[in-house]
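Remarks on the structure that follows.
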There are 2 protein chains.
Amino acid sequence: MSRTPHHPTREQIELPMVLDCLSDPIRLAIVYQLAQQERVSSELRCSDFSALSGKSNLAYHFAKLRDCGLMQTRVAGTNRFMRLRREDLEARFPGLLDAVLSSAAKDADRLPLLPECELVEVDRK
Amino acid sequence: MSRTPHHPTREQIELPMVLDCLSDPIRLAIVYQLAQQERVSSELRCSDFSALSGKSNLAYHFAKLRDCGLMQTRVAGTNRFMRLRREDLEARFPGLLDAVLSSAAKDADRLPLLPECELVEVDRK
DNA sequence: TCGATAGTTCAATAAACATTGAACATAGGA
DNA sequence: TCCTATGTTCAATGTTTATTGAACTATCGA
């Protein structure tokens, strides 16, 4: 029924939940890929992550990433567009997201799923 | 038999394990307390954390913190002295530990166990 | 040598977690 | 209107996790 899934407010974002979310390799890869893509487009669709796992498993991880405040989902027709909640994260925990992302980038070849995170060509309206 | 418990080398420290370790409120409080204490003394004994949980549960969390490379245990007689592996963490993931610690400090009143982390008077030889 | 102190290890338990496939809902295009 | 594409939800499964208390080990000091 809910047009838009639930998201916590900025103030509701909690540090342990954020760290726990980022500690899962699939979720870290999702966040990493969203961050990679940010220069090109701030949003990606669920199907852009299909290299990482199956549909229903991804839906599970997307829900966790939303619940902890790391990303936001916008419903548009039959698609869901996801983007990082960069400003909210930065306001709550300054420097944290960038520190995690640069750590992940540094270890990209040692983290199982990051190499799959190639830039996706984005040409949607 | 092992005089000194096992610790990973600097290169063996893995990002997901570190983040997972820090996502637990008790372990985050242990790391936070170790960091607080650093100006005074770089080491604390297990019993200095007794406000956080029971002995055997603490031993469990200490083992996880050692296994992921966040801290080091030095055995001295009947005591174990723990300290943060700051330099190793900084070398592997620059800025990460400080970002987490300052995030925790910012939220200290919202994180259940951090207020218990008062400075402990250290006067041991 | 005895007793107290400091921690670890073990077994048991309950809760949370990740993963899978099947069923379902919704929107868009032929 | 039907078919297809996109994602979510649900139930089932097996794994990992945190927590507890009891038993154990090792060291220090009287």
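Treat the numbers as computed from the prediction; the structure is a model and nothing was measured. By convention in this document, chain letters (A, B, ...) are assigned in the order of the sequence lines, proteins followed by strands, and residues within each chain are numbered from 1.
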Round to the nearest Å and state the distance from [X] atom [atom1] to [N] atom [atom2].
X: L52(B); N: dA18(D); atom1: CG; atom2: P; answer: 15 Å
X: M71(B); N: dG7(C); atom1: CE; atom2: P; answer: 11 Å
X: F81(B); N: dA6(C); atom1: CZ; atom2: P; answer: 11 Å
X: R74(B); N: dT27(D); atom1: CZ; atom2: C1'; answer: 15 Å
X: K64(A); N: dT9(D); atom1: NZ; atom2: P; answer: 15 Å
X: E43(B); N: dA6(C); atom1: CD; atom2: P; answer: 17 Å
X: M82(B); N: dA6(C); atom1: CE; atom2: C1'; answer: 12 Å
X: R45(A); N: dG28(C); atom1: CZ; atom2: C1'; answer: 14 Å

Out of dG28(C), dT8(C), dT5(C), minimum distance to the side chain of T78(A) belongs to dG28(C)

Regarding the side chain of R66(A), the nearest nucleotide among dC17(C), dT8(D), dG7(C) is dT8(D)

According to a 4.5 Å side-chain heavy-atom criterion applied to Ile, Leu, Val, Met, Phe, Trp and Tyr, with indirect links allowed, do L101(A) and L22(B) form part of one hydrophobic cluster?
yes

For DNA chain D, determine which residues of residues 55-62 of chain A have any heavy atom closer than 4.0 angstrom to one of its atoms, and list them numerically.
K55(A), S56(A), A59(A)

Is there a residue in residues 13-28 of chain B whose heavy atoms reach under 4.0 Å of DNA chain D, and which residues are they?
D24(B), I26(B), R27(B)

If you measure from the Lys or Arg side-chain nitrogens to the Asp or Glu carboxylate oxygens, is any gap between [X] and [Y] under 4.0 Å?
X: R80(B); Y: E43(B); answer: no
X: D24(B); Y: K64(B); answer: no
X: R92(B); Y: E14(B); answer: no
X: E87(B); Y: R10(B); answer: no

Do the non-hydrogen side-chain atoms of [X] and [Y] ever get within less than 4.5 Å of each other?
X: L113(B); Y: I26(B); answer: yes
X: L15(A); Y: L96(A); answer: yes
X: L34(B); Y: L70(B); answer: no

Measure the spacing between CZ of R27(B) and OH of Y60(B) and express it to the nearest 0.5 Å.
6.0 Å

Just to confirm, is there a sub-4.0 Å distance from OP1 or OP2 of dA27(C) to any side-chain nitrogen or oxygen of N79(A)?
no

